[in-house]
Amino acid sequence: MNIFNQFKEELNLLLQELSTQSILPDDLDARNITVEPPRDEKHGDIATNAALVLSKQARMKPRDLAECLVGPLTALEHVESVEIAGPGFINLRLSPNYLVAIVLDAIADPNGEYGSSNIGDGEKINVEYVSANPTGPMHVGHCRGAVFGDALASLLAKVGYAVTREYYINDAGAQIDVLARSAYLRYREALGEEVGDIPEGLYPGEYLVSVGEKLARLYGDKWLKAPEAEWLTVIRDFAAAEMMDMIRDDLASLGISFDLFYSEKTLHDSGRIADALAQLDAKGLIYEGVLEPPKGKLPDDWEARPQTLFKSTQFGDDVDRAVKKSDGSWTYFAADVAYHLDKYQRGFSRMVDVWGADHGGYIKRVQAAVTALTDGEGDLDVKLCQLVRLFRNGEPVRMSKRAGNFVTLRDVVDEVGKDVVRFIMLSRKNDATLDFDFSKVTEQSKDNPVFYVQYAHARICSVRDKAAEQLPEIDETDEEDIDLSLIQDPAEIRLIKTLANWPRIIESAAMAHEPHRVAFYLYDLASDFHALWNKGNDNPELRFIIDNNVALTRARLVMILAVRWVIASGLEILGVEPAEAM
RNA sequence: GCGCCCGUAGCUCAGCUGGAUAGAGCAACUGACUUCUAAUCAGUAGGUCGAGGGUUCGAAUCCUUCCGGGCGCGCCA
């Protein structure tokens, strides 16, 4: 249920009617018409720009066209008044009783999840996120993309997409050999060898110690004197699997799980990369060539060199891209081409990748590959997550990878909790940097949005319990008998209007791939609720529980329980548990 | 040099894919606690939406040129 969509349908019917009466032309393009809540309450409950958008097509002045619509709109049920404003906006005012009833009934409806919709129409969509190299534990930098991707996936599911959450394991590159060598060193250490400082170029982290110990238990001294060629593959696979276990645990601490972990290595082993590149070749998009040197500062070792290139420029990229290294192996990009083709072949025309902002330069080439391989059928949206800057009491937290004192995802979750991390990570647009202050995010004040929203939820639970205690007869009221027309105060109506907006928020957030809008909405909803609560402090008649008035109390409980429901529903999308008490 | 992202109140940020007089929070000032949790609320003040030009009924939003900041820029992942 979405009252704005509902009125848009009514409006479309009216427009058709005007077409048959030849007041409007037959083939109207109504796509740009919006039916939405006006920014200013004085403009009523629902506003439409229909007359402005259609005036050119209708060859009428906007206000004249609007005049034609006023009559039929006024005749609609529950419409209290219709006004033409400004250049030709049409503002509708609904009867307050109707507005209250339709919103609260929709939220209470056990057969429909208020806010859910089916604009996705069951279409498959693949959301790929995190995809951290399996070479160590996850650090805070991964955190944001992890939460963002997870919440986006939930959001898309909420609007009717068939979502697959996917993690691409980069287990094929040189860094995985480094992991193997690092683990091998720890293996020797576990067998009693003195290894001293970890050499430059290997991973020094303590987390590999237990991997070395496990290897020692598994293989004894079998690899101790063996050349690298003999142990590399075995230890590499073992260590990578160990790292993935660790990463899965880290993700679980954030409440994140995936439908599929996809290994880059399998792309190489199965010949899928060669297949994908052959497809591009068949389309005439692969050639041997020499790239222009980049303008400006040249890399020190730059030299003209023939390469196997993909004509990504044909699809909007800035330069053509190499798919083979000089040793004949595939580039990372080649694997990614095959990976995205594979997603498409698995039925995902729609794909979303969540990357760190430092990968921005990579977007065009992958999109070019998707367009080329799917003849434009596939759609890849890439969402970049900007940096998270850590602070403690306003002071930046210094991190250096070399010193090994970088903050891990687990450190953060252990200190402030999953819910705080998740909410804060979504409290900014993905492409804006985010400041995360350990002291601020655990503060219990409205400066902290997590707390503020949780507090509203907890307060409602508190009222609910209090009401059951104070007015036991309340439960005897039949659901049908609740008189919602008792909800009349302007602050109450404002709250109802905010609730009415929830389906629009979900829908627009999902279409824009912007889960942060949900977090901002919840803050606004909590704010409306807190405002109403405090009006009850000033004016006891506006409290939710009115001792001698069961009917009114009942109606108000329905209202605030609706708020509670929407908050819980929104938090669920964000992956945050609502608090019953604080 | 080129590409992408960003620039909105003193600070941190929203702004519903082009709508009406640009909104919150923090900080500042004024006020509300024998309460359904004051962990909150109400009010005041604060703006050339980086700058110029363009598109149109209408621009913070789209196009263009500058200015300033971030990221990236032939085989890394």
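Order of the sequence lines fixes the chain letters, A, B, ..., with proteins taken first and strands second; residue numbering starts at 1 for each chain.
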Which protein N or O atoms sit under 3.5 Å from an N or O of nucleotides 2-7 of chain B?
{"unit_1": "G3(B)", "atom_1": "O3'", "unit_2": "K364(A)", "atom_2": "NZ", "d": "3.2"}
{"unit_1": "G3(B)", "atom_1": "O2'", "unit_2": "K364(A)", "atom_2": "NZ", "d": "2.9"}
{"unit_1": "C6(B)", "atom_1": "OP1", "unit_2": "D431(A)", "atom_2": "OD2", "d": "3.4"}

Are any protein N/O atoms closer than 3.5 Å to N/O atoms in nucleotides 21-27 of chain B? If there are, list each pair with its distance.
{"unit_1": "C26(B)", "atom_1": "OP1", "unit_2": "K446(A)", "atom_2": "NZ", "d": "3.4"}

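Distances were taken from every side-chain heavy atom of V53(A) (C-beta onward) to each of C41(B), A77(B), G19(B); the shortest belongs to G19(B). Listed nucleotides A77(B), C57(B), U37(B) differ in distance to K56(A); the shortest reach to its side chain belongs to C57(B). In this structure, of U40(B), G74(B), A77(B), it is A77(B) that holds the atom nearest to the side chain of E264(A). For H359(A), the listed nucleotide lying nearest its side chain is A77(B); candidates were G74(B), A77(B), C13(B). Out of A77(B), G19(B), U56(B), the shortest distance to the side chain of Y362(A) is found at A77(B). Candidate nucleotides C36(B), G74(B), U40(B) were compared by shortest atom distance to the side chain of A322(A), and G74(B) ranks first. Side-chain atoms of A512(A) lie closest to U17(B) of the nucleotides C36(B), U17(B), C13(B). The side chain of D358(A) lies closest to G72(B), out of C36(B), G74(B), G72(B). Side chain of R517(A), nearest nucleotide from A77(B), U40(B), G15(B): G15(B). Among G72(B), C76(B), G19(B), the nucleotide with an atom closest to any side-chain atom of L52(A) is G19(B).
Each of E292(A) and E580(A) was assigned the nucleotide of RNA chain B with the nearest heavy atom; the assignment lying further toward the 5' end belongs to E580(A). Comparing A526(A) and N133(A) by the nucleotide of RNA chain B that holds the closest heavy atom to each, the one mapping nearer the 5' end is A526(A).
Residue contacts shown for N49(A) include a base, since a base heavy atom lies under 4.0 Å away. L291(A) comes within 4.0 angstrom of the backbone, heavy atoms only, and of no base. If you check every strand for non-hydrogen atoms under 4.0 Å, A509(A) touches nothing. Using a 4.0 Å heavy-atom criterion, one finds that A47(A) contacts the bases of the nucleic acid, with or without backbone contacts as well. Nucleic acid contact class of A85(A) (heavy atoms, under 4.0 Å, all strands): base.
With sequence neighbours excluded, the residues that form a side chain to side chain contact (heavy atoms under 4.5 Å, CB included) with S508(A) are R517(A). Applying the side chain to side chain contact (heavy atoms under 4.5 Å, CB included) test to D435(A) and every residue at least two apart in sequence or in another chain returns R389(A), F391(A). E507(A) pairs by the side-chain hydrogen bond (donor to acceptor under 3.5 Å, both in side chains) definition with nothing, not counting sequence neighbours. Checked against side chain to side chain contact (heavy atoms under 4.5 Å, CB included), M582(A) has the following partners two or more places apart in sequence or in another chain: F451(A), Q454(A), Y455(A), A458(A), A579(A). By the side chain to side chain contact (heavy atoms under 4.5 Å, CB included) test, D327(A) pairs with K325(A), S329(A), sequence neighbours left out.
Rounded to whole Å, the separation between the P atoms of G46(B) and G3(B) comes to 41 Å. Separation of the C1' atoms belonging to G25(B) and A42(B) is 16 Å when rounded to the nearest angstrom. Using P as the reference atom, U56(B) and C63(B) are 16 Å apart when rounded to the nearest Å. The gap from the P atom of C11(B) to that of A32(B) amounts to 32 Å, rounded to the nearest Å. Nucleotides C62(B) and A14(B) place their P atoms 15 Å apart, quoted to the nearest Å. Taking atom P on both G7(B) and A51(B), the two are 13 Å apart, rounded to the nearest angstrom. Taking atom P on both nucleotides, C26(B) is separated from G43(B) by 14 Å, rounded to a whole Å. As rounded to the nearest Å, G10(B) and C75(B) have P atoms that lie 44 Å from one another.
For the residue pair H513(A) and N430(A), no side-chain donor N or O sits within less than 3.5 Å of a side-chain acceptor on the partner.
Among the duplex regions that RNA chain B forms, those built from at least three successive Watson-Crick or G-U pairs under 3.5 Å are B:1-7 with B:67-73, B:10-13 with B:23-26, B:28-32 with B:40-44, B:50-54 with B:62-66, ordered by first number.
Note on residues 428-450 of chain A: pairs passing ring-ring contact (aromatic ring centres under 6.0 Å, His included), not counting sequence neighbours, are F436(A)-F438(A). Among residue pairs with one or both ends in residues 47-63 of chain A, those qualifying as side-chain hydrogen bond (donor to acceptor under 3.5 Å, both in side chains) are T34(A)-N49(A); sequence neighbours excluded. Listed by first then second residue, pairs satisfying side-chain hydrogen bond (donor to acceptor under 3.5 Å, both in side chains) with a partner in residues 519-529 of chain A read T498(A)-D528(A), not counting sequence neighbours.
Side-chain to base pairing of D435(A) with U12(B): no donor and acceptor N or O lie closer than 3.5 Å to each other. Side-chain to base pairing of R428(A) with C13(B): no donor and acceptor N or O lie closer than 3.5 Å to each other. Taking only distance into account, the side chain of S508(A) never meets the base of C16(B) through a donor-acceptor pair shorter than 3.5 Å.
Relative orientation of the Y332(A) and Y362(A) rings is tilted, given thresholds of 30° and 60° on the angle between their planes.
Of the charged side-chain nitrogens involved, none lies within less than 4.0 Å of a carboxylate oxygen, so that K429(A) and E514(A) do not count as a salt-bridged pair. A salt bridge is defined here as a Lys NZ or Arg NE, NH1 or NH2 lying under 4.0 Å from an Asp or Glu carboxylate O, and D342(A) with R272(A) meets this definition. Classification of R392(A) and D437(A) as a salt-bridged pair fails, no side-chain N sitting under 4.0 Å from a carboxylate O.
The nearest whole Å value for the distance from the CG atom in N539(A) to the P atom in G31(B) is 22 Å. Following rounding to the nearest Å, R321(A) (CZ) and C76(B) (C1') show an atom-to-atom distance of 14 Å. Distance, L532(A) CG to A42(B) P: 11 Å, rounded to whole Å.
Between H530(A) and C36(B), a side-chain N or O to OP1/OP2 separation shorter than 4.0 Å is absent. Distances shown here put a side-chain N or O of K325(A) below 4.0 Å from the OP1 or OP2 atom of A77(B).
Remark: the backbone N or O of G44(A) is not paired with any side-chain donor or acceptor of N91(A) at under 3.5 angstrom.
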Enumerate, atom names and distances included, each donor-acceptor pair closer than 3.5 Å involving a side-chain atom of residues 315-323 of chain A, sequence neighbours excluded.
{"unit_1": "D317(A)", "atom_1": "OD1", "unit_2": "R321(A)", "atom_2": "NH2", "d": "3.1"}
{"unit_1": "D317(A)", "atom_1": "OD2", "unit_2": "S312(A)", "atom_2": "OG", "d": "3.0"}
{"unit_1": "D317(A)", "atom_1": "OD2", "unit_2": "R321(A)", "atom_2": "NE", "d": "2.8"}
{"unit_1": "D318(A)", "atom_1": "OD1", "unit_2": "K364(A)", "atom_2": "NZ", "d": "3.1"}
{"unit_1": "D320(A)", "atom_1": "OD1", "unit_2": "S312(A)", "atom_2": "N", "d": "3.2"}
{"unit_1": "D320(A)", "atom_1": "OD1", "unit_2": "T313(A)", "atom_2": "N", "d": "3.1"}
{"unit_1": "D320(A)", "atom_1": "OD1", "unit_2": "T313(A)", "atom_2": "OG1", "d": "2.6"}
{"unit_1": "D320(A)", "atom_1": "OD2", "unit_2": "Y287(A)", "atom_2": "OH", "d": "2.4"}
{"unit_1": "R321(A)", "atom_1": "NE", "unit_2": "V319(A)", "atom_2": "O", "d": "3.4"}

